[in-house]
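Letters A, B, ... are given to chains in the order of the sequence lines, protein chains preceding strands, and every chain is numbered from 1.
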Protein chains: 2
Amino acid sequence: MPVIELADVALALERIRGVAHRTPVVTSRTLGENVFLKAECFQRTGSFKFRGAYNKLASLPAGRDVIAYSSGNHAQAVALAAGLRGIRATIVMPEDAPAAKLEATRGYGAEVVTYDRWTESREEIGARLAAERDLKLVKPYDDPLIMAGQGTVALELLAAVQELDALVVPVSGGGLIAGCATVVKAMLPGARVIGVEPAAGDDHARSRAAGDRVRVEIPRTIADGLGAPEPGELTWQVNRELVDDFVSVSDDELVEAMAFLFDRVKIVVEPSGAAGVAALLHGRVPGRRVAVVLSGGNVGAARFAELVGQAAA
Amino acid sequence: MPVIELADVALALERIRGVAHRTPVVTSRTLGENVFLKAECFQRTGSFKFRGAYNKLASLPAGRDVIAYSSGNHAQAVALAAGLRGIRATIVMPEDAPAAKLEATRGYGAEVVTYDRWTESREEIGARLAAERDLKLVKPYDDPLIMAGQGTVALELLAAVQELDALVVPVSGGGLIAGCATVVKAMLPGARVIGVEPAAGDDHARSRAAGDRVRVEIPRTIADGLGAPEPGELTWQVNRELVDDFVSVSDDELVEAMAFLFDRVKIVVEPSGAAGVAALLHGRVPGRRVAVVLSGGNVGAARFAELVGQAAA
């Protein structure tokens, strides 16, 4: 029995209707009329994560409070979704997460607990607090309801764009691509699904090569949204079957793609969110008619200036 | 007899239909549900200027080649419009215009002639080349067809947003606001039209105070799109009657507004294009329900990094 099916994603789309944004599909004359960018930078809380978080929280018994651990975007997503559902959220975040993400999470009304991501385990902290405070743990990706929520990105995309040779999706724990691949393989089985990882954290490519989940060092990359060191257990069950290929991009290529999207498309995309365009610009995506998920836009102006300034210098 | 009327703008909208983009009206939860941003950064060539240029060129006799002088956005607009109309364009640009704008203009197939904007007159160079080469001069703002084309911004806006207390528009030579004010005062006479100038180039505010057109020093401002030192002759005939107020913003306020739009709305706006939001954020715009024209997005990633980096330092 599959971990999730198309029907789960369709149900998720019903749950988030009128709450999440139906984000635009953007084209650019520079990339050509056959490249479609699904702009989740315009999603509420600035990334696709809101879709899965809201789908999960809307499926919980009324009044059940939640806890989550996250490098940032999942944190904001759970915090906002909890506020909208009228429940309380506790969020475990790395102490070196971007200040803007820490502030935004607190701004949505969540309680933030920080930890050192080089020495402590967020899973352990999350599990301990969940037990102590009787909170429901909302995992960032390894949950069928989270995956189904993220898959609504692809469902909206395929409603807007007919015929595709490939869909390109950034990969961290694998929740977004698991949901999207479930949709694409059910609706457009001829289209390829390509995952993009940071070169410093290519655990999916290594897992594919090894035939089983491989854990790498915690990736040191500017793509702070792509920091998971190994595929999720459930997401991998989906992705090992449905994802056609995993490719990787360097930090320099991510900055170049962010600047490209800034200059040519006039939109703000965070390093993780630019991974698909980076792969596309460097010829790592097959096919003529291609859609790319721009997964998020949570990079502050000052951080963007720093990244692009270093690249220009 | 008025310089332009609503009918001229309606006709311009017909001419640009299917050629110019109908740009989105964007809202931001931070600014609130009563603030509407007309995002001309997503217009072809990256600014509203394409509307006026195409309206003008589509009204010329077939095969008439053109010349234009411009600090950048009008140049790209005329260059692309000429290419689409199958005619040749010669563009006179300041030699210190942003490199991206010089390159983009050449990229659209135009011939670029540069000049020193501190010692030479672009009007004189333009007039001389027009005579020598038998070219039709396409002025950046002081032309009823240009003004009518720019007014389509407001016509599209009022089709999307009902009821407004005020429309806020960046002002350089006054073409955009003349077209927009013509539309607003005809369709929503109770709404105020507010022009925003850089503090270093507040020639419209001074002209209003003096009761006649006042010329200031060439403005030294980061808003390279707002460099006209005096109101246009024809635009002033419109604006002295129809614009309710002119307010000004500092360069620091422009950078702050650019960073705000980057962080909160995830869109790229050049310094000139951020003028309206800068005025709004600093309480210089009256009214509860307000629309703001984001006039353009032609600031390179490296230049943005420089401006925001200096502000952060």
- Which side-chain hydrogen bond (donor to acceptor under 3.5 Å, both in side chains) pairs, counting each pair once, include a residue from residues 293-304 of chain A, with sequence neighbours left out? A/Asn73-A/Asn298, A/Asn298-B/Lys266, A/Arg303-A/Glu306
- Can you establish whether the number of heavy atoms outside A/Glu95 located under 6.0 Å from its atom CD is more than 12? yes
- Message: Which one wins on heavy-atom pair count under 4.5 Å against chain B: A/Gly300, A/Gly46, A/Pro24?
- Response: A/Gly300
- Residue pairs meeting salt bridge (charged side-chain N to carboxylate O under 4.0 Å, His left out), one or both in residues 271-284 of chain B, sequence neighbours left out, come to B/Glu253-B/Arg284
- Output the option from A/Ala301, A/Ala39, A/Ala104 having the highest count of non-hydrogen pairs under 4.5 Å with chain B. A/Ala301
- Task: Taking the side chain as every heavy atom from C-beta outward, state whether B/Phe42 and A/Ile267 have any atom pair closer than 4.5 Å.
- Result: yes
- So, do B/Val299 and A/Phe262 sit near enough that their side-chain heavy atoms are less than 4.5 Å apart? yes
- So what's closer than 4.5 Å to chain A heavy atoms on B/Arg264: side chain, backbone, both or neither? neither
- Message: Looking at B/Arg88, I'd like to know if its CZ atom is crowded, meaning that more than 12 non-hydrogen atoms belonging to other residues, nucleotides or ligands lie closer than 6.0 Å.
- Response: no
